[in-house]
Amino acid sequence: QVQLVESGGGLVQPGGSLRLSCVASRSIFRMGWYRQAPGKQRELVAVTVGGASNYADSVKGRFTISRDNAKNTVYLQMNSLRPEDTAVYYCNARHLLVDYWGKGTLVTVSS
């Protein structure tokens, strides 16, 4: 079992920034962030596998995923936020082909 605890969501104006954090109960090789907007399916935002990272096209150049292995923590730095980034953001960890999810943190981008 892997427990994930997210933090850092909130309300931000368009063009603003937020940093999300996710602490895992153990070291996980593959960790990522997904999001789900109202009425839409959950989608991948960014993933880090070892030292490599991948991003959804919609966030490339604006979001950065990083990790602190000593703290079992993954971060998502979100810059130049847009209203369409509004969603619940979920931390994901994949361990032995099993997906684990955090409870989610709400990000609202609005003026």
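Keep in mind that what you see is a predicted model, and the values were worked out from it rather than measured. One-based numbering along the sequence shown.
In the hydrophobic cluster analysis, where Ile, Leu, Val, Met, Phe, Trp and Tyr join through side-chain heavy atoms closer than 4.5 angstrom, V88 is grouped together with V47. In the hydrophobic cluster analysis, where Ile, Leu, Val, Met, Phe, Trp and Tyr join through side-chain heavy atoms closer than 4.5 angstrom, M78 is grouped apart from Y75.
Checked by atom type and distance alone, the side chain of S110 never pairs as donor or acceptor with a backbone atom of T108 at under 3.5 Å. Looking at T105, its side chain never comes within 3.5 Å of a backbone N or O of S7 through a donor-acceptor pair. The main-chain N or O of S80 is found under 3.5 Å from a side-chain atom of R62 such that the two form a donor-acceptor pair. Judged by distance alone, the side chain of S25 and the main-chain N or O of Q3 form a donor-acceptor pair under 3.5 Å. Under the 3.5 Å distance criterion, the side-chain polar atoms of E6 are matched with a main-chain donor or acceptor of K103.
Because its NZ or CZ atom is both nearer than 6.0 Å to the ring centre of Y90 and within 45° of the ring axis, R42 counts as a cation-pi partner of that residue.
In this structure, R67 and G50 approach most closely via the heavy-atom pair CD-O, 4.0 Å. Heavy-atom minimum distance, Q1 versus R26: O-CD, 4.5 Å. Nearest heavy-atom pair across A24 and L4 is CB-CD2, 3.6 Å.
With respect to the salt-bridge test (charged N to carboxylate O, under 4.0 angstrom), the residues D57 and K60 qualify.
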Kindly indicate, with the supporting measurements, whether the criterion side chain to side chain donor-acceptor pair (under 3.5 Å) is fulfilled by D68 and T73. CA-CA 5 Å; D68 184 335; T73 300; over 6 Å; no
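Judged by distance alone, the side chains of R30 and N92 do bring a donor and an acceptor atom under 3.5 Å apart.
Here F63 contributes atom CZ and L20 contributes atom CG; the two are 8.5 Å apart, rounded to the nearest 0.5 Å.
The local environment of CD in Q41 is sparse, with at most 12 non-hydrogen atoms from other residues, nucleotides or ligands closer than 6.0 Å.
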